[in-house]
Amino acid sequence: MKNLLVTEMRCALCQKSYQPDQIRYTCPDCGTDGILEVLYDYGQAAPSMQPKALRQAKPGLSRYAAILPIANPSHLPPLRVGGTPLYHPQRLGHLLDCPNLYVKDDGQNPTGSFKDRASAICVASALDNGIDLITAASTGNAASSLSGLCASVGLKTIIFVPEHAPQAKVTQLLMFGATVLKVRGTYDDAFELSMQATAKFGWYNRNTGFNPFLLEGKKTAALELWEDFGYRVPEYVAVGVGDGCIIGGLWKGFKDLQRLGLIDKLPKLIGVQAEGSSVLSKAFKNGDKVVAEPDADTYADSISVGMPRAAAIALKGVRDSGGFFITVPDSKIMEAQVMLAKYSGVFGEPAGATPLAGIRRCLEEKLIDHQAEICVLVTGNGLKDISGAMKSLTVSAYSIDRDPSKLETSLKELHIV
């Protein structure tokens with residue numbers, strides 16, 4: 001069974017078109033790099049995507065069912081995915097002299113990350129097709145997301161993670177009942193093993209740069225932003241980039257809104273990468289020539305990727321929107337993580353704070369106007385990696401005596417009173 005409004009699957013590289021039930025993963029001609037774009041009968045979908053219809057729809061991803069590749073919306077996990085808050089943090093905007101700065105906090109999804117959007121579509125697709133086991137490779141967030149949402153409906157998960165994955169994320173996986181395989185290598189090594197397992201054992205694969213339906217889950221953040229801003233879009237949307245899947249998904253969401261006639265132009269997408277993991281930023285400047293960086297490494301582990309799996313759609317999306325890529329050093333990501341928490345109350349993991357570091361650089365270098373309307377997408381909760389967050393702090397807790405009679409003396413010694 002399929003969503004009858006899905007009309008074709010189109011390769012992002014060669015533009016070859018396939019019937020919806022003809023292919024499951026990537027373009028046979030282009031191999032694993034040929035991620036497919038899911039297209040719909042936008043004329044038929046349009047009525048259910050109008051503001052009036054959405055105001056009457058239930059919260060959650062099912063409100064966008066007409067342009068999602070799922071047969072049965074009831075197969076979406078019962079956990080609350082999406083509908084994350086958009087904030088207008090005045091103190092943060094004042095600090096950066098950017099009064100129209102907004103923050104969308106996707107760390108408030110069920111497992112604490114943006115990846116729940118993609119995993120929800122993966123789970124629904126599996127249930128649509130009678131599949132009971134899903135595999136994935138991840139630095140942590142995608143895997144814990146998949147495992148949590150699978151736990152909510154009783155599906156099994158087998159997860160490949162690099163050995164250095166943060167313990168908090170691995171703990172989440174184990175708590176959700178996943179079978180966790182720690183690979184003595186990088187994320188790219190874990191990805192390759194998951195792909196081999198998919199080919200050999202027929203497991204359903206959640207990898208976003210491979211399974212085209214996952215991009216459709218990620219695009220829902222763009223649809224929400226359009227609703228959050230009163231059925232319009234901001235001038236800029238910034239997000240941290242590793243594999244390229246999230247920024248590619250945002251582009252797809254805004255593009256679908258344009259195809260539906262609901263917006264007349266796309267927001268400019270700003271892809272922010274760490275200097276130590278900047279394959280796509282370099283490719284964007286060099287004619288889209290992607291050169292792998294096997295030694296890619298950054299404090300922002302969620303975007304530490306040496307071979308981006310969704311390079312084609314990420315580069316196409318940023319270029320199509322009129323946006324650009326920018327890189328920042330780990331030291332600036334650390335500063336941004338503290339700044340985001342201290343001046344907005346949003347505690348983001350390093351990758352979630354990376355776009356703020358990018359926007360800060362853009363403002364300092366006058367790449368964007370200080371009065372521009374900018375949305376920073378925080379993709380993960382800071383509790384995902386406490387040890388990482390502690391590295392960014394320049395202060396520590398104070399120890400004081402438990403004797404109440406010494407309280408005032410202790411506070412004076414610390415120059416608190």
Side-chain angles (χ1 to χ4, degrees), residues 1-46 48-49 61 64-73 75-76 117-131 134-136 142 146 191 194-195 198-199 202-223 243-260 266 288 308-317 319-320:
M1 187 179 180
K2 62 187 179 183
N3 180 341
L4 297 178
L5 298 186
V6 176
T7 58
E8 67 173 296
M9 310 281 279
R10 185 185 299 164
C11 177
L13 285 180
C14 71
Q15 298 297 302
K16 186 173 181 179
S17 179
Y18 298 90
Q19 292 299 309
D21 56 357
Q22 186 179 355
I23 196 164
R24 171 165 282 179
Y25 295 120
T26 58
C27 172
D29 292 345
C30 297
T32 55
D33 291 331
I35 189 168
L36 299 176
E37 185 183 356
V38 183
L39 299 174
Y40 304 83
D41 183 332
Y42 293 99
Q44 286 195 51
S48 64
M49 288 296 297
L61 302 191
Y64 308 127
I67 53 170
L68 291 176
I70 54 177
N72 188 347
H75 283 160
L76 287 165
R117 296 177 181 276
S119 293
I121 301 303
C122 185
V123 167
S125 177
L127 292 175
D128 281 345
N129 291 282
I131 294 168
I134 308 175
T135 190
L146 175 65
F191 186 97
S194 74
M195 296 289 282
T198 295
W203 298 342
Y204 190 49
N205 194 299
R206 182 231 179 269
N207 294 341
T208 315
F210 180 61
N211 186 329
F213 288 179
L214 279 295
L215 206 69
E216 296 301 288
K218 297 193 175 192
K219 82 177 182 188
T220 60
L223 306 180
D243 246 340
C245 300
I246 292 179
I247 202 162
L250 291 172
W251 168 78
K252 177 57 162 57
F254 290 125
K255 195 71 178 178
D256 277 356
L257 288 170
Q258 192 177 53
R259 288 166 174 146
L260 289 161
L266 308 179
D288 291 356
R309 307 293 169 167
I313 205 158
L315 293 167
K316 177 182 178 182
R319 207 173 291 286
D320 186 42

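Sequential numbering from 1 along the given sequence is applied to the chain's residues. Bear in mind the structure is a predicted one, so any value in this text is a computation, not a measurement. Hydrogens, waters and symmetry mates are skipped; everything else that's a heavy atom, side chains included, is used.
Rounding to the nearest 0.5 Å gives a distance of 6.0 Å between CE of Met49 and CG of Leu260. The distance from the CG atom of Leu76 to the OG atom of Ser125 is 10.5 Å, given to the nearest 0.5 Å. Rounding to the nearest 0.5 Å gives a distance of 7.0 Å between CG of Leu223 and CG of Asp256. A distance of 13.5 Å separates OH of Tyr18 from CG of Leu39, quoted to the nearest 0.5 Å. Note: Leu36 CG to Lys16 NZ = 11.0 Å, rounded to the nearest 0.5 Å. Atoms CG and SG, from Leu127 and Cys122 in turn, are 9.5 Å apart once rounded to the nearest 0.5 Å.
Side chain to side chain, Tyr204 and Asn211 meet the donor-acceptor criterion of an N or O pair below 3.5 Å. For the residue pair Arg309 / Thr32, no side-chain donor-acceptor distance below 3.5 Å is found, with atom types taken as modelled.
Counting all heavy atoms, side chain and backbone alike, Ala221 lies closest to Arg117 at N-NH1, 3.6 Å. The minimum heavy-atom distance between Leu68 and Leu61, with the atom names listed, is CD1-O, 3.5 Å. Nearest heavy-atom pair, His75 versus Val123, reported as atom, atom and distance to 0.1 Å: O-CG1, 4.2 Å. Across Phe213 and Ile121, no two heavy atoms sit closer than the pair O-CG2, 3.5 Å. Considering all non-hydrogen atoms of both residues, Leu214 and Ser119 come closest at CD1-N, 4.0 Å. In plain terms, the two heavy atoms of Ala45 and Ile67 that are nearest each other are CB-CG2, 3.7 Å.
Residues Ile313 and Lys252 form no side-chain contact, since every pair of their non-hydrogen atoms from C-beta on lies 4.5 Å or further apart. Val38 has its side chain out of reach of Leu215: every pair of non-hydrogen atoms, C-beta onward, lies at least 4.5 Å apart. Counting only heavy atoms from C-beta outward, the side chains of Tyr25 and Met195 never approach each other to under 4.5 Å.
Between the side chain of Asn207 and the main chain of Phe210, no donor-acceptor pair closer than 3.5 Å is present. With hydrogens and angles disregarded, no donor-acceptor distance shorter than 3.5 Å links the side chain of Lys316 to the backbone of Trp251. A donor-acceptor pair is defined here as one N or O able to donate and one able to accept, closer than 3.5 Å; such a pair exists between the side chain of Thr26 and the backbone of Gly31. At distances below 3.5 Å, at least one donor-acceptor pair connects side-chain atoms of Thr198 with backbone N or O atoms of Ser194.
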